[in-house]
Each structure stands twice: as structure tokens, then as C-alpha cells.
Amino acid sequence: MSLQTVAARIRGFICLNAHPGGCAENVRAHVEIARKGAASGAHLGDALVVGASTGYGLASLATTVFGYGARAVGVCLERPPQGDKTASAGWYNLAALSQIARESGHDVAIINGDAYTDAVKAETISLLKRRNAKLDSVVYSLASPKRTDPKTGVTHASVLKPLGAPFVSRSIGLGNDQVTTVELPPATAADVEATVKVMGGEDWELWIDQLLAAELLAPGCRTVAYSYIGPELTYPIYREGTIGKAKAHLEKTANAISAKLRASGGAAYVSVNKALVTQASSAIPVVPLYISLLYKIMKELGTHEGTGEQIARLFRDHLAPGRTPTLDAGGRIRIDDLEMRAEVQQRVTALWEQVTSENLFALTDYAGFKQEFRSLFGFEVPGIDYATPVETDVAL
Ligand code: NAD
């Protein structure tokens with residue numbers, strides 16, 4: 001037992017603690033979105049979500065379980081509570097999701113460990129075998145700063161850098177709410193290679209290879225991983241930077257995996273998703289300013305979606321049983337379509353040059369960005385009384 005009042009401890013783009021009540025409330029909202037947003041009459045048997053505890057992966061777990069009735073296994077790397085230290089947000093998210101699942105007759109199992117290791121893959125496979133699972137859906141939604149290659153034992157660190165020349169851009173200092181100019185040095189060849197190792201498709205393919213060898217994929221199994229493209233404003237740091245190289249590798253890997261699944265009627269897809277506030281995206285320079293402008297405009301136009309709505313739409317329109325995904329010329333699913341509309345991007349570009357520290361809150365939805373960032377960790381969630389002590393020692 002550890003009853004305590006929990007106040008947010010934020011350092012720039014990192015929050016050191018989490019509020020279990022706020023996280024549970026967020027998960028309840030996810031469950032509602034998943035239930036309401038599902039294609040009617042469609043059902044998934046078994047699902048596996050790798051990176052299931054926060055962001056797009058949490059939305060994917062909620063959608064497959066509560067939207068399509070899947071029996072699911074979620075894999076994540078989260079910090080348990082320790083004494084008076086809270087657990088990480090993803091821990092509380094999955095504790096809450098598992099409880100809602102139990103109460104509503106759904107079956108969700110969680111494996112907490114490093115998904116890049118052979119040990120966690122083996123543990124997941126043996127759990128799936130004990131459950132006699134045949135996976136209809138495998139969602140791959142990892143975002144991580146590092147990965148140890150299981151074959152070589154070498155640990156690679158991903159970096160967020162431009163290629164070729166330094167990139168100078170406007171950005172927000174999340175510690176002091178000031179508009180700043182950041183200069184990012186260009187990546188070395190080793191930086192690119194390391195980022196591809198971490199955020200490219202190698203580990204996704206290893207997962208599918210091992211699931212395939214263990215005969216755990218149902219005929220017609222669909223697997224999806226998430227990518228981002230975004231506007232030209234962010235190309236130097238995203239699409240044409242180190243992370244973009246990794247995403248290009250991920251997209252190429254989808255073809256390789258599809259070739260392996262074709263015989264059993266399955267396929268691998270990359271879905272290009274919208275820029276949204278998550279723990280991963282907040283750490284990318286320039287992106288918080290872009291997201292603050294994007295939110296302002298998309299909320300005004302009534303086209304704003306969160307991770308829950310995005311993934312509900314991904315399954316409803318593309319991946320639910322019986323649906324045929326619509327692909328772009330590059331073979332990708334595009335649920336960033338509303339973000340990329342010309343009207344939205346023209347308005348973002350027009351405002352981009354006008355933003356200063358003085359007008360940041362008036363011209364952009366930086367207030368919304370900050371609120372959403374805090375809410376990722378269970379803080380500033382409507383309906384939660386933060387003065388009341390909560391149990392932080394929650395089991396997963
Ligand atoms: P996130 O930080 O919210 O989630 C990352 C997940 O990965 C968490 O569940 C975490 O526990 C898990 N994880 C990290 N390292 C792990 C490890 N070693 N072992 C097991 N689990 C581990 O990130 P997100 O923004 O939801 O990103 C998920 C995917 O979506 C990424 O591929 C990202 O590039 C993509 N994407 C994100 C955005 C965006 O704006 N946030 C947009 C498009 C695509």
C-alpha cells in the first residue's frame with residue numbers, strides 16, 4: 001500500500017512520475033472511443049500489440065479489444081511502482097485497461113520487458129501457445145531511444161538529426177515556454193545506421209519471423225507498423241532526417257513481411273499516422289511547435305483527432321476483417337490525410353513565421369499541447385481530484 005498525493009514532476013519533455021487515477025481516466029476515454037468507433041459486426045480473434053502501453057500502441061490495444069472483441073496480448077517496457085515512487089504512465093494505463101477488460105469479460109494479458117530481446121519474444125510466444133492463440137492482428141508500435149541487437153549484443157542509440165547540412169529552425173523550449181532557434185548538427189553515417197537499427201523494420205520482421213515459425217499467425221493475419229511523413233517544414237528533422245531513414249526502412253520491411261505472409265493470405269502494412277502529442281513525439285525538436293499550430297487549426301476546422309480516433313478510423317476503414325485497405329502510391333495506408341490537407345498546411349506555414357514567445361499562446365494551441373502532454377502522465381485530467389491521496393502501488 002502506498003497512498004499519496006501525486007503532483008507532476010516535469011523536466012522539459014520528460015515527466016518523471018505519473019498519476020494512476022488520471023491514467024485510468026484516460027484509458028476509460030480510450031475504451032469509449034474504441035467501442036463507438038468500430039465497424040459494426042466485425043470481430044477479431046487474437047491480437048498482439050507490441051508497444052501497447054502508451055500513444056498509438058495503447059490506442060491499438062483498446063481498439064482491437066474493445067472495438068473488435070479481440071483476446072489480446074500487449075508487450076511494453078514500463079517502470080513498476082517502487083516504494084513512494086510512482087510507476088510510469090504506461091504501467092498505470094495497462095493496469096487500468098486490464099481491469100476494465102476483466103470487468104467487461106475481455107481477455108488481455110501483458111508482458112512487461114524489452115521487446116527487442118529474444119527472451120521477451122520467447123516469453124510472448126510461449127504465452128500465446130498456452131492460450132492456443134492464432135493471431136489475426138499484430139500491431140507493431142515501438143518507439144525507443146535504443147535497441148540492443150540480439151545477434152551481435154551491440155546497443156544502438158537512435159538520434160534525431162538532419163542529413164547533410166545543419167538544420168536551423170524555430171522550436172519551443174518546453175522548460176520555459178519560449179520560442180527559440182535550434183541548430184541541429186548533421187548526422188554521421190553511423191548515426192543513420194544506428195537510428196535505422198532502432199526505429200527501422202528489423203525488429204518487426206524478427207517478431208513476425210518468430211511468430212510464423214511458431215505457427216501462431218492465423219490465415220489472413222494482418223500486421224501493421226506506424227510511420228510519419230509530415231509537411232516540408234519538418235522534412236529536415238523528420239522525413240529527410242535520421243528518423244525518416246528509419247521509417248523508409250520500416251516501409252520497405254512491410255514488403256518483405258508481406259511476401260512471407262502471402263501464402264497464408266496475410267499482409268503487412270505501414271500506416272502513416274497524424275502528428276500527435278506522445279512521449280516519443282514530444283522529444284523531437286521543432287515538432288512541439290508544429291503540433292501546437294496543427295492542433296490550433298485542426299480544432300478550428302473540427303478535424304482534430306487523437307490517437308484513439310486515429311486508430312479507430314484505421315481499423316474501421318482499412319484493417320477490420322472484411323475491409324480492403326486503401327493504399328497510396330507508395331503502398332501505405334494514410335490516416336494523416338486530414339493533417340496533410342492543403343488548407344491545413346497553408347495555414348500552418350503562414351503562422352509559422354509569425355510565432356514569437358509573446359504571441360505563442362494566442363497564435364497556437366501550445367496550451368493544448370501542454371495540457372495533453374501532462375495528461376499523458378495522468379495530470380490535468382478533467383474529473384480527477386489531485387488533492388486526494390491515491391494508491392500508487394498498483395499491480396499490472
Ligand atoms: P510512445 O512513446 O507513446 O509509445 C512507445 C511504446 O513502446 C510504449 O508502449 C513503450 O512501453 C514501448 N516500448 C519502448 N521501448 C520498448 C522496449 N524496448 N520493449 C518493449 N516496449 C517498448 O510512442 P508513439 O508516439 O505512440 O509511437 C509509436 C509508433 O507510432 C512509432 O513507430 C512512431 O514513430 C509512430 N508514430 C507516431 C506519431 C506521433 O506523432 N506520435 C505519428 C506517426 C507515427
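We count residues from 1, following the sequence as given. Since this is a predicted model, take the numbers as computed values, not measurements. Read the numbers this way: they start at 1 and go in the same order the structure lists the ligands and their atoms.
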Worksheet item: If you measure every N/O of Y56 against every N/O of ligand 1, is any gap under 3.5 Å?
Response: yes
Practice prompt. Within a distance under 4.0 Å of any heavy atom of S141, pick out the atoms of ligand 1 and give their elements.
Written response: 5 (C), 6 (C), 7 (O), 28 (C), 29 (C)
Worksheet entry | Sub-4.0 Å atoms of ligand 1 with respect to non-hydrogen atoms of G113 | 19 (N), 20 (C)
Discussion item. Considering both backbone and side-chain atoms of S227, is one of its nitrogen or oxygen atoms within less than 3.5 Å of a nitrogen or oxygen in ligand 1?
Written reply: no
Worksheet entry | Distance-only side-chain donor-acceptor flag, N359 / T356, under 3.5 Å | yes
Response to the item:
The salt bridge (charged side-chain N to carboxylate O under 4.0 Å, His left out) partners of R323 (sequence neighbours excluded) come to none
Discussion item. I'd like to know if K247 contacts ligand 1, where contact means a heavy-atom distance under 4.0 Å to any ligand atom.
Written reply: yes
Practice prompt. For ligand 1, indicate whether the residue T278 contacts it via side chain, backbone, both or neither (heavy-atom separation under 4.0 Å).
Written response: side chain
Worksheet item: Can E205 and Y140 be said to form a side-chain hydrogen bond (donor to acceptor under 3.5 Å, both in side chains), step by step?
Response: CA-CA 10 Å; E205 192 167 3; Y140 186 84; over 6 Å; no
Worksheet item: Does even one non-hydrogen atom of R147 get within less than 4.0 Å of ligand 1?
Response: no
Fill in: Nearest non-hydrogen protein atom, atom 9 (O) of ligand 1
S53 OG, 2.6 Å
Practice prompt. With sequence neighbours excluded, tell me which residues meet side chain to side chain contact (heavy atoms under 4.5 Å, CB included) with E251.
Written response: S227, R239, K247, V270, R332
Worksheet item: Heavy atom of A52 under 4.0 Å from ligand 1?
Response: yes
Worksheet item: When you check the gap from the basic side-chain N to the acidic O, do R334 and D328 get nearer than 4.0 Å?
Response: yes
